[in-house]
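All ligand and atom numbering here is 1-based and tracks the order in the structure.
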Amino acid sequence: MGRMSVQGEASILAREGKIAYAGPASGLEISEAEGAQVIDAGGRAVVPGFVDSHTHFVFAGYRADEFLARAAGASYMDIHRSGGGILRTVADTRAADLGLLAALGEMRAWAMLQDGVTTAECKSGYGLDKETELRQLEAMSLVAERTPLEIVPTYMGLHATPPEFAGRTSEYVDYAIAEVLPAVAAQGIARFADAFCEQGVFGVEDSERFLAAAGALGLGLKVHAEEMRRTGGAALASRLGAASADHLLKADDSDLALLASSGVVATCLPLTSFCLREGHARARAMIDSGCAVALATDLNPGSACSGSVPLLAALAVLQLGMSLSETIAALTINGAAALGLADRIGTIEIGKDADFVVLDAPSASHLAYRTGVNIVKATVKRGSIAYRS
Ligand code: NIG
Ligand code: FE
């Protein structure tokens with residue numbers, strides 16, 4: 001992660017959406033590029049398209065009052081236990097039809113493209129009943145049709161226990177496994193399943209049987225792990241061969257060793273720890289113990305209502321102890337790895353998708369240095385300009 005290859009005076013050739021050349025400008029013959037649209041980046045830095053590997057961006061309703069209540073001292077879990085939090089968004093999302101969910105998702109997808117994000121994972125989990133979960137996933141596929149953003153949908157069946165199962169969490173898990181999972185698999189949109197493995201939300205046993213059932217249906221696995229309390233989610237992710245374990249604020253050294261040895265991507269979400277005013281995940285220790293660290297926004301209506309890549313990059317460099325190179329790797333190739341897509345996206349390499357970002361800056365260091373400022377000049381997805389400032 002610490003060794004980024006930087007090429008000065010470079011050219012990139014994209015053909016049919018794939019990178020056909022990337023290297024010294026002197027190595028690209030004009031004749032090779034004949035008939036091509038030529039874009040002079042004017043000495044600006046170009047980096048791979050960002051892969052936001054953990055979001056919940058298709059939802060209805062906002063919770064700004066909870067943000068202010070937390071700022072005044074309330075805790076995320078207290079709000080959650082009193083029926084606010086995720087369950088409030090569940091009520092709003094259940095009341096939203098497909099058209100509204102897709103329109104809200106589309107608006108947020110364009111904002112992500114403006115931040116240089118070319119691929120985003122998106123979790124359901126604001127329906128929690130079969131009908132609404134399928135509708136949320138369908139909305140994601142509509143957003144993917146209507147915008148250049150590539151979307152990797154995740155069925156987050158275990159996000160909270162819905163009101164109709166209040167006090168009967170394990171029965172809800174039975175329902176999710178027996179009724180919703182097969183319908184999600186038959187619908188064919190979701191590629192991953194995810195569980196919020198947290199004290200007072202879903203325990204390790206319920207998370208494990210849900211994820212094992214999802215894996216048996218061919219879905220990749222992700223875990224919200226060790227966020228507020230150390231609960232065992234990291235060990236679970238490593239036991240099940242999950243693609244990633246995410247949050248990890250309370251992960252200890254033994255958890256990091258397990259993630260490193262099992263090849264589970266450790267996903268840090270510093271916008272969430274910032275907004276919750278919790279201590280950040282120990283990204284430095286993770287990298288030093290051999291974990292592949294990814295950075296993602298967690299964009300959602302509760303814990304982090306922000307998809308800001310520039311703020312994320314600044315937090316990584318200033319507060320997580322990550323170098324610029326590590327930050328960019330975490331936002332690109334390691335995010336791709338967290339989605340099982342590292343062979344197709346995440347770097348500027350011949351044969352990969354032509355996904356990249358032109359920064360209005362002479363070097364990539366400005367991503368963090370111009371703290372919280374969007375410096376994206378253009379976003380290119382599969383060789384086409386998806387956004388231009
Ligand atoms: O990743 N931790 C659980 N899920 C989200 C928050 C969702 C919400 O508050 O609506 C998260 O932080
Ligand atoms: Fe999340």
The test is side-chain hydrogen bond (donor to acceptor under 3.5 Å, both in side chains); show your working for Thr89 and Arg63 and say whether it passes.
CA-CA 8 Å; Thr89 304; Arg63 287 151 42 199; 2.7 Å; yes

- Item | Residue pair Tyr76, Phe67: steps toward the ring pair (Phe, Tyr, Trp, His ring centres under 6.0 Å) verdict | CA-CA 9 Å; Tyr76 180 85; Phe67 173 84; over 10 Å; no

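The protein atom (non-hydrogen) at minimum distance from atom 9 (O) of ligand 1 is Tyr76 OH, 2.5 Å. For atom 10 (O) of ligand 1, the closest non-hydrogen atom on the protein side is Tyr126 OH, 2.6 Å. The nearest protein atom to atom 3 (C) of ligand 1, hydrogens excluded, is given as Phe196 CE2, 3.3 Å; this is a heavy-atom distance. Nearest non-hydrogen protein atom to atom 4 (N) of ligand 1 is His159 NE2, 2.9 Å. Closest to atom 12 (O) of ligand 1 among all protein heavy atoms lies Ser303 OG, 2.5 Å. At the shortest separation from atom 11 (C) of ligand 1 among protein heavy atoms lies Asp298 OD2, 3.2 Å. In terms of protein heavy atoms, atom 2 (N) of ligand 1 is closest to Glu227 OE1, 2.9 Å.
The NE2 atom of His56 and the NE2 atom of His54 meet at the Fe ion (ligand 2) at an angle of about 100°, given to 10°.
Between Tyr62 and Phe59, the angle of the ring planes goes over 60°, which puts this pair in the perpendicular group of the 30/60° scheme. Classification of the His159-His224 ring pair by plane angle, with boundaries at 30° and 60°, yields tilted.
The N/O atoms of His247, backbone and side chain alike, include one that comes under 3.5 Å of an N/O atom in ligand 1.
Contact detail for Ala103 and Arg146: the closest heavy-atom pair is N-NH1, 4.3 Å.
Between the side chains of Thr154 and Glu121, at least one donor N or O lies within less than 3.5 Å of an accepting N or O. Side-chain contact annotation: His54 with Thr267, donor-acceptor N/O pair under 3.5 Å absent. Thr161 and Thr169 share a side-chain donor-acceptor pair at under 3.5 Å. With no hydrogens or angles considered, a side-chain donor-acceptor pair links Ser244 and Lys222 at under 3.5 Å.
At least one heavy atom of His54 sits under 4.0 Å from some atom of ligand 1. At least one heavy atom of Ile86 sits less than 4.0 Å from an atom of ligand 1.
Counting backbone and side-chain atoms alike, Asp246 contributes no N/O/S atom closer than 2.8 Å to the Fe ion (ligand 2). One of the N, O or S atoms belonging to His224 lies under 2.8 Å away from the Fe ion (ligand 2).
Near Arg63, meaning under 4.0 Å from any of its heavy atoms, are these atoms of ligand 1: 8 (C), 9 (O), 10 (O).
When the Fe ion (ligand 2) is compared with the N/O/S atoms of Asp298, atom OD1 turns out nearest.
The cluster map of Ile, Leu, Val, Met, Phe, Trp and Tyr, joined by side-chain heavy atoms under 4.5 Å apart, puts Phe192 and Val184 in different clusters.
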